[in-house]
Number of protein chains: 2
Amino acid sequence: MSVPPLTLSAEFRKIVEARMNQVLKGIEETFNQIIETQKITPTELKDELESLQESFNLLFQKWSLEILYTLLLKDAIGFGEIKKILTVNSRTLSDKLKMLQKHGYITRNVTAGPPLRVEYTLTSKGKNTVLLALPLLYYSSSSEVKA
Amino acid sequence: MSVPPLTLSAEFRKIVEARMNQVLKGIEETFNQIIETQKITPTELKDELESLQESFNLLFQKWSLEILYTLLLKDAIGFGEIKKILTVNSRTLSDKLKMLQKHGYITRNVTAGPPLRVEYTLTSKGKNTVLLALPLLYYSSSSEVKA
DNA sequence: TTTACTAATACAACAAGGTATACAAAGTAC
DNA sequence: GTACTTTGTATACCTTGTTGTATTAGTAAA
């Protein structure tokens with residue numbers, strides 16, 4: 001695509017990346033502590049991966065993170081607006097929203113006023129999840145450019 | 001699947017989660033700084049999402065993160081061993097490895113000795129990426145259990 | 001030459017998920 | 001009753017990616 005960088009993006013990236021370097025250092029340190037004291041067998045590794053797989057599959061299928069990210073930035077938002085922003089199919093969006101709600105990432109609030117209004121908002125679980133995803137997303141997309 | 005928790009997992013989780021809380025606090029703070037000073041339009045949001053999409057699609061397709069995670073824990077590892085650990089199809093694995101290599105996440109080293117040996121290792125980009133993914137994975141899978 | 005071994009490729013079949021298009025419920029305005 | 005809005009649902013199609021099975025490439029020992 002090679003979209004020209006937005007001012008928002010640029011500022012966003014700079015701040016997030018600065019923060020990220022601290023994060024990274026901390027995680028690596030922690031990780032090394034664990035690994036150096038334990039040898040891991042292939043079987044253990046396989047189990048370890050399987051235990052992560054469910055939430056992994058849920059989060060990283062198409063649209064999930066995009067939806068959460070949109071909610072993070074727009075706070076309360078309706079079905080139609082999400083649809084317009086992401087240009088996603090009604091059916092697909094409906095499915096994803098249901099799934100995210102079922103797993104506790106978002107909340108659905110109906111206000112039955114004159115124009116029927118359904119608002120989606122992030123739960124704290126959902127919010128934390130997106131926030132944790134940010135450094136990963138920005139890091140991989142920024143080093144994509146450099147590489 | 002409901003695999004019984006491994007001791008490794010348990011210890012892993014505890015340490016990673018502790019670290020994660022710090023991380024989360026920092027990210028949220030940073031994020032709020034940005035958002036509060038800028039209003040974001042739907043169009044900007046859409047562009048913002050698109051600029052992240054490429055690396056997003058690359059990383060979060062099936063097997064990518066699993067492979068990177070395996071390499072993180074096993075350091076240098078051969079084609080066959082990855083295949084066995086992940087029980088993944090030859091063709092698929094071959095494709096993914098090529099793609100990850102092309103985008104600078106992993107390195108391919110051939111040692112032409114008596115038994116042909118091809119070793120895959122993480123680049124620093126690859127390593128950083130997995131490390132950044134860890135808190136996200138562990139957070140979402142742990143709150144999956146609680147919810 | 002044959003066998004053995006790892007790494008990878010070829011190709012057809014299959015399954016999951018996403019999409020387009022149209023339509024349905026719920027409510028108000030005309 | 002008819003039209004209009006928003007939020008979805010129904011159906012059937014189609015694309016993409018993954019898999020199974022078999023095959024090739026390269027190297028060395030027997």
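Lettering follows sequence order; numbering is per chain, from 1.
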Checklist outcome for this item: Which of Val130(B), Leu122(B), Leu86(B) passes side chain to side chain contact (heavy atoms under 4.5 Å, CB included) with Thr70(B)? Answer is Leu86(B)
For the pair made of [atom1] in [X] and [atom2] in [N], what is the distance, rounded to whole Å?
X: Asn89(B); N: dA12(C); atom1: CG; atom2: P; answer: 16 Å
X: Asn109(B); N: dA7(C); atom1: CG; atom2: C1'; answer: 15 Å
X: Asp95(B); N: dT9(C); atom1: CG; atom2: C1'; answer: 9 Å
X: Trp63(A); N: dG17(C); atom1: CH2; atom2: P; answer: 16 Å
X: Lys83(A); N: dT21(C); atom1: NZ; atom2: P; answer: 11 Å
X: Arg91(A); N: dC13(D); atom1: CZ; atom2: P; answer: 15 Å

Item to check | Which atom of Tyr139(A) lies closest to which atom of Thr129(B), heavy atoms considered | outcome: CE2-OG1, 3.5 Å
Item to check | Carboxylate-amine/guanidinium contact Glu119(A) Arg108(A), below 4.0 Å | outcome: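 No salt bridge links Glu119(A) with Arg108(A).
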Checklist entry - Out of dT7(D), dA8(C), dT19(D), which nucleotide sits closest to the side chain of Thr92(B)? => result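 Nearest to the side chain of Thr92(B) among the choices is dT19(D).
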Checklist entry - Can you tell which of dT19(D), dG18(C), dT9(C) lies closest to the side chain of Val88(B)? => result dT19(D)
Checklist entry - Does OP1 or OP2 of dT7(D) have a side-chain N or O of Tyr120(A) closer than 4.0 Å? => result no
Checklist entry - Would you say dT9(C) has OP1 or OP2 under 4.0 Å from some side-chain N or O of Ser94(B)? => result yes
